[in-house]
Amino acid sequence: VIIPSGQTLDASNGFVAPSGHVIQVVGGEPQSVGGTITTSSSYVNTGVSRTINLKHSNSKVRISLQGGHAYVNAFATGMIETICRTSSTTYSTANDLVSGATFGLQQVYNSTTLNTAPHSICVIDATPEGTTATYRIFFRTRTSGRSVIWQEISTSYFTFMLEEIAQ
């Protein structure tokens with residue numbers, strides 16, 4: 001058996017990727033949801049989630065959300081979004097990858113009359129806790145009662161991707 005440089009042989013699983021290498025990718029295909037709106041200053045579920053079945057219990061997971069169309073039309077407010085490791089559709093600070101940070105993982109702020117921006121989040125979950133991890137996107141308005149739209153129109157596409165990283 002020839003073992004490629006930088007890899008080790010594991011009798012139960014075959015070749016093992018060296019630390020830092022991507023083992024598998026879940027998602028990444030363009031997708032869309034239409035009109036996900038809230039006026040709540042508490043996080044609400046966007047309805048977007050991905051699950052990864054990890055090959056190794058000590059792996060890290062890189063989560064990325066790119067593209068799409070966040071829309072803030074009320075002056076002055078903002079849309080704040082975050083990602084939680086949870087199978088529940090209910091937000092919990094305990095599951096938030098940034099533990100309930102004031103401005104989440106991304107904010108689109110409106111100081112005039114209209115702001116839009118693509119989603120742009122990339123974060124590492126260093127402790128996915130087990131061999132299956134589900135990630136959900138939550139969002140909220142910065143100012144209670146002001147409308148914000150996580151994904152304005154169904155013709156605006158985004159990618160949501162999970163990557164298992166060897167350790």
Side-chain angles (χ1 to χ4, degrees), residues 24-54 57-165:
Q24 65 171 315
V25 174
V26 174
E29 308 84 9
Q31 62 179 318
S32 187
V33 295
T36 309
I37 302 168
T38 193
T39 57
S40 177
S41 59
S42 298
Y43 281 109
V44 296
N45 181 26
T46 63
V48 175
S49 69
R50 289 257 187 238
T51 299
I52 189 168
N53 295 309
L54 301 172
S57 60
N58 67 335
S59 294
K60 293 182 180 181
V61 178
R62 178 172 41 198
I63 304 107
S64 65
L65 170 67
Q66 308 298 323
H69 190 214
Y71 181 81
V72 180
N73 64 352
F75 173 76
T77 193
M79 186 219 56
I80 298 169
E81 65 185 316
T82 195
I83 297 175
C84 292
R85 180 189 344 108
T86 183
S87 57
S88 173
T89 58
T90 303
Y91 174 83
S92 168
T93 302
N95 299 326
D96 193 328
L97 295 182
V98 290
S99 300
T102 301
F103 296 114
L105 284 164
Q106 176 176 320
Q107 176 183 206
V108 176
Y109 184 72
N110 183 4
S111 63
T112 58
T113 57
L114 167 69
N115 275 323
T116 64
H119 306 287
S120 180
I121 295 175
C122 187
V123 63
I124 297 285
D125 183 0
T127 57
E129 301 173 0
T131 57
T132 300
T134 298
Y135 297 91
R136 290 188 183 279
I137 302 167
F138 291 85
F139 79 119
R140 67 182 181 88
T141 184
R142 185 174 166 161
T143 309
S144 185
R146 302 280 177 101
S147 177
V148 293
I149 304 172
W150 183 80
Q151 185 72 5
E152 183 192 14
I153 54 177
S154 61
T155 57
S156 178
Y157 289 82
F158 60 92
T159 61
F160 184 36
M161 184 169 60
L162 310 176
E163 297 170 85
E164 180 177 1
I165 309 295

Undergrad: Are Glu81 and Leu65 side-chain neighbours, meaning at least one heavy-atom pair lies under 4.5 Å?
TA: yes

Undergrad: Got a second to check how far Ile63's CD1 is from Ile121's CD1, nearest 0.5 Å?
TA: 10.0 Å

Undergrad: What distance separates Leu162 CG from Gln24 CD, expressed to the nearest 0.5 Å?
TA: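 Rounded to the nearest 0.5 Å, the CG-CD separation comes out at 9.0 Å.
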
Undergrad: Looking at OG of Ser156 and CD1 of Ile149, how far apart are the two atoms once the value is rounded to the nearest 0.5 Å?
TA: 11.5 Å

Undergrad: Among pairs that include at least one residue of residues 76-101, which meet ring-ring contact (aromatic ring centres under 6.0 Å, His included), considering only residues two or more places apart or in two chains?
TA: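 Counting only pairs at least two positions apart or across chains, the ring-ring contact (aromatic ring centres under 6.0 Å, His included) contacts touching residues 76-101 are Tyr43-Tyr91, Tyr91-Phe138.
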
Undergrad: For Val108 versus Ala70, what's the shortest heavy-atom pair and its separation?
TA: CG2-CB, 3.9 Å

Undergrad: Considering residues at least two apart in sequence or located in another chain, which fulfil the side-chain hydrogen bond (donor to acceptor under 3.5 Å, both in side chains) criterion with Gln151?
TA: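 Here the qualifying residues are His119.
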
Undergrad: How close do Val61 and Pro128 get, counting heavy atoms only, and between which atoms?
TA: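 Val61 and Pro128 have their closest heavy atoms at CG2-CG, 4.0 Å.
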
Undergrad: Where do Arg140 and Thr102 come nearest, in terms of heavy atoms and distance?
TA: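 Nearest pair, atom of Arg140 first, then Thr102: NH2-O, 2.9 Å.
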
Undergrad: Listed by chain and number, what are the side-chain hydrogen bond (donor to acceptor under 3.5 Å, both in side chains) partners of Tyr135, not counting sequence neighbours?
TA: Asp125

Undergrad: To the nearest 0.5 Å, what is the distance between CE on Met79 and OG1 on Thr143?
TA: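 Between Met79 CE and Thr143 OG1, I get 13.0 Å after rounding to 0.5 Å.
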
Undergrad: Once side chain to side chain contact (heavy atoms under 4.5 Å, CB included) is applied, do any residues pair with Thr90, and if so which ones, sequence neighbours excluded?
TA: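 For Thr90, the residues satisfying side chain to side chain contact (heavy atoms under 4.5 Å, CB included) (neighbours in sequence not counted) are Ser88.
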
Undergrad: Side chains of Thr77 and Thr141: donor-acceptor distance under 3.5 Å anywhere?
TA: yes

Undergrad: Roughly how far, to the nearest 0.5 Å, is CD of Glu164 from OG1 of Thr131?
TA: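 One gets 9.5 Å once the value is rounded to the nearest 0.5 Å.
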
Undergrad: Using the ring-ring contact (aromatic ring centres under 6.0 Å, His included) criterion, which residues pair with Tyr71? Sequence neighbours excluded.
TA: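 With sequence neighbours excluded, Tyr71 shows a ring-ring contact (aromatic ring centres under 6.0 Å, His included) to no residue whatsoever.
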
Undergrad: Quick one: list whatever passes side-chain hydrogen bond (donor to acceptor under 3.5 Å, both in side chains) with Glu163, sequence neighbours left out.
TA: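 For Glu163 the side-chain hydrogen bond (donor to acceptor under 3.5 Å, both in side chains) partners, ignoring immediate neighbours, are Arg62.
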
Undergrad: Name all pairs fulfilling the salt bridge (charged side-chain N to carboxylate O under 4.0 Å, His left out) condition that reach into residues 26-48, sequence neighbours left out, sorted by first residue then second.
TA: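 Checked against salt bridge (charged side-chain N to carboxylate O under 4.0 Å, His left out) - neighbours excluded - the pairs reaching residues 26-48 are Glu29-Arg50.
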
Undergrad: By the salt bridge (charged side-chain N to carboxylate O under 4.0 Å, His left out) test, which pairs, at least two apart or in different chains, include something from residues 88-117?
TA: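 For residues 88-117: none.
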
Undergrad: Counting only N and O atoms by type, is there a donor-acceptor contact under 3.5 Å from the side chain of Thr46 to the main-chain atoms of Ile137?
TA: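 Yes; judged by distance alone, with no hydrogens or angles, the pair exists.
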
Undergrad: Got a list of side-chain donor-acceptor pairs under 3.5 Å for residues 33-42, not counting sequence neighbours?
TA:
from	atom 1	to	atom 2	distance (Å)
Thr38	OG1	Ser40	N	3.0
Ser40	OG	Ser42	N	2.9
Ser40	OG	Ser42	O	3.1

Undergrad: Hey, does the side chain of Arg136 reach the backbone of Ser87 with a donor-acceptor pair shorter than 3.5 angstrom?
TA: yes

Undergrad: Which residues pass the side chain to side chain contact (heavy atoms under 4.5 Å, CB included) test with Tyr157, sequence neighbours left out?
TA: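 Side chain to side chain contact (heavy atoms under 4.5 Å, CB included) list for Tyr157, sorted by chain: Pro30, Ser32.
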
Undergrad: Side chain to side chain contact (heavy atoms under 4.5 Å, CB included) with Ser120: which residues, sequence neighbours excluded?
TA: Gln66, Gln106

Undergrad: Report the residues that fulfil side-chain hydrogen bond (donor to acceptor under 3.5 Å, both in side chains) with Thr132, sequence neighbours left out, ordered by chain and then residue number.
TA: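 side-chain hydrogen bond (donor to acceptor under 3.5 Å, both in side chains) list for Thr132, sorted by chain: Asn53.
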
Undergrad: How far does SG of Cys84 sit from CG of Leu97, to the nearest 0.5 angstrom?
TA: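 That separation rounds to 6.5 Å.
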
